[in-house]
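Below is one structure, written out as structure tokens; comments come after it.
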Amino acid sequence: MASTTCLHALLILTLQLCFLSNNQAAKHSHSSSTPRSGRHHHHSSSSSAFPNPKLHQAYIALQTWKKVIYSDPYNFTTNWVGPSVCNYKGIYCAVPPYDHTIKVVATIDLNGADIAGFLPEELGLLTDLALFHLNSNRFCGIIPQKISNLSLLYELDISNNRFVGPFPHVVLNLPSLNYLDIRYNEFEGPLPSELFSKKLDAIFVNNNRFTNVIPPNFGVNSATVLVIANNNFGGCLPPSIAKLADTLEELLVINTSLSGCLPPEVGYLYKLRVLDVSYNNLVGPIPYSLAGLAKLEQLNLAHNMMSGVVPDGVCCLPNLANFTFSYNFFCEEEGICKNLSSKGVAFDDRRNCLPDKPLQRSNKVCQPVLEHPVECFEQHCNSGGVGGGGGAFASISSAMPVAAPLLSPSNAPSYP
């Protein structure tokens, strides 16, 4: 109970900060969101039963939502009865900045409730909502367009559900959104370039069915965490990633059919702590620019088709704790790379072409790669394929073993 109380206190404190930072948006919302008279007359509770019109709107929204919930195995919404919406389980109220005499619904937290149903358009009545967390349920269908009315929404987490359709463009119309988590759903089609023009601190779109290529303006936003793993984008990692140099700390592009060479612009991300591009089709050498990533702790290049030398500059990074480059075609390790354990670095160099190292590929597999080194300046993959160096790429492709089942982030190497 103590931990729950602390969590609720922390949520309320977060909400106060969100409200203060969005005062103008709140005033706009307050002036424009009063429901039209008689529009929701079918709800039995009269407006006089509520302390203020905002809570009346919340009651309408939540009662409508409850009616389209068809499985609630833990009886999470059982007490969603009557006008006291601030006492509903998973619903939290706070004082808005524009009127310190009232309370409004500011947080919905149904994480882990295993609820099945869908989201009604009436959720757009919750115009003061700042945090909306639905992680690990069975909600399905599409995201309602009226969500665009939530001008104060700061965090949206609808991960681990069953939502479908194209990328929910409605989230791009949320002016205060800072944290977007839509991972582990069934969204499909391309990612809109507008997503990467939006000022977001964290973007999680992994484990969906997104396709096409990574938008060329991939690095325009201000994110500190960017996870697009386990989709089917193809194409190159755009050089525009360099524009995230002042913010990005974690980049996970696992299992996205990424091709071409790893661009040297990745080495400009001087705040990066985690870089994982494993389970892709990357070719060519490790860019020596990665030697400038002084804060890098976790580097995973495994299960690609990279080749050449493992550079000493990367192995000497001061904060490197885990370096995985197994299942590639590296043929030489420089300096300390030959003995990373002496530096206290956990590593995995299996299934490469490293002489005098155990568990390497055979000479028959390695030789074609060594004879046709990949020149990254010849690589062209704007259309999603790898061009230039065709002979080398073909040799590497034919040398690759049958792939093991691809990992999801939950099963991929963990980061402490």
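Of the possible donor and acceptor atoms, one in the side chain of Gln63 sits under 3.5 Å from a partner among the backbone N and O of Trp80. Within the 3.5 Å criterion, the main-chain N or O of Pro358 finds a donor-acceptor partner in the side chain of Gln360. The backbone N or O of Gly82 lies less than 3.5 Å from a partner atom in the side chain of Tyr88, making a donor-acceptor pair. Asn87 places no side-chain N or O within 3.5 Å of a backbone atom of Val85 that could act as its donor or acceptor partner. Judged by distance alone, the side chain of Asn208 and the main-chain N or O of Asn231 form no donor-acceptor pair under 3.5 Å. In this structure, Asp114 contributes its side chain and Arg138 its backbone to no donor-acceptor pair below 3.5 Å.
With values rounded to the nearest 0.5 angstrom, Leu252 atom CG is found 8.0 Å from Asn206 atom CG. With rounding to the nearest 0.5 Å, the separation of CG in Asn304 from OH in Tyr327 is 13.5 Å. The distance from atom CG of Asp181 to atom CG of Asn160, rounded to the nearest 0.5 Å, is 8.0 Å. Here the NZ atom belonging to Lys89 is positioned 10.0 Å from the CG atom belonging to Leu110, to the nearest 0.5 angstrom. Taken from CG in Asn255 to CG in Asn230, the straight-line distance is 4.5 Å, to the nearest 0.5 Å. Rounding to the nearest 0.5 Å places CG of Leu272 at 5.5 Å from CG of Leu296.
Using a 4.0 Å cut-off between a side-chain N of Lys or Arg and a carboxylate O of Asp or Glu, Lys338 and Glu333 do not qualify as a salt bridge. Salt-bridge formation is not detected for the pair Lys271/Asp246: no Lys NZ or Arg NE/NH1/NH2 atom is positioned less than 4.0 Å from an Asp or Glu carboxylate oxygen. By the 4.0 Å N-to-carboxylate-O rule, Arg162 lies too far from Glu186 to be salt-bridged with it.
Evaluation of the side chain to side chain contact (heavy atoms under 4.5 Å, CB included) rule for Phe347 yields Leu340, Ser341, Asp349 as partners, not counting sequence neighbours. Scored by the ring-ring contact (aromatic ring centres under 6.0 Å, His included) test, Phe118 finds no partners at all (sequence neighbours excluded).
When only modelled atom types and interatomic distance are considered, Asn185 and Asn161 share no side-chain donor-acceptor pair under 3.5 Å. In summary, the side chains of Ser240 and Asn217 do not present any donor paired with an acceptor at a separation below 3.5 Å, with no hydrogens or angles considered. If you check the side chains of Thr324 and Asp348, you find no donor sitting under 3.5 Å from an acceptor. Using modelled atom types, one finds no donor on one side chain facing an acceptor on the other under 3.5 Å when comparing Thr107 with Asp109.
Within a 6.0 Å sphere centred on NZ of Lys357, other residues, nucleotides and ligands contribute more than 12 heavy atoms. Heavy atoms from other residues, nucleotides or ligands lying under 6.0 Å from OH of Tyr74 number 12 at most. The local environment of NZ in Lys198 is crowded, with over 12 non-hydrogen atoms from other residues, nucleotides or ligands closer than 6.0 Å.
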CA sep, side-chain torsions, deciding dist, call: Leu200, Leu195, side chain to side chain contact (heavy atoms under 4.5 Å, CB included): CA-CA 9 Å; Leu200 294 171; Leu195 173 63; 3.9 Å; yes

Asn149 and Thr127: CA distance, side-chain angles, deciding distance, side-chain hydrogen bond (donor to acceptor under 3.5 Å, both in side chains) verdict: CA-CA 6 Å; Asn149 293 341; Thr127 52; over 6 Å; no

Chi angles and distances behind the side chain to side chain contact (heavy atoms under 4.5 Å, CB included) call for Asp157, Phe204: CA-CA 9 Å; Asp157 181 356; Phe204 297 90; over 6 Å; no

Worked verdict on Leu251 versus Ile241 for side chain to side chain contact (heavy atoms under 4.5 Å, CB included): CA-CA 10 Å; Leu251 175 62; Ile241 190 71; 4.1 Å; yes

Side chain to side chain contact (heavy atoms under 4.5 Å, CB included) between Ser259 and Leu282, intermediate numbers included: CA-CA 5 Å; Ser259 58; Leu282 293 172; over 6 Å; no

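When the SG-SG distance for Cys86 and Cys93 is compared with the 2.5 Å cut-off, it comes out below that value.
Of all the heavy atoms in Asn352 and Phe330, the pair that sits closest is OD1-N, 3.1 Å. For the residue pair Ile143 and Pro168, the shortest heavy atom distance occurs at CG1-CB, 3.8 Å.
Looking at Pro192 and Leu172, their side chains come closer than 4.5 Å, going by heavy atoms from C-beta outward.
Between His56 and Tyr59, the two ring planes are parallel [angle under 30°; tilted spans 30° to 60°].
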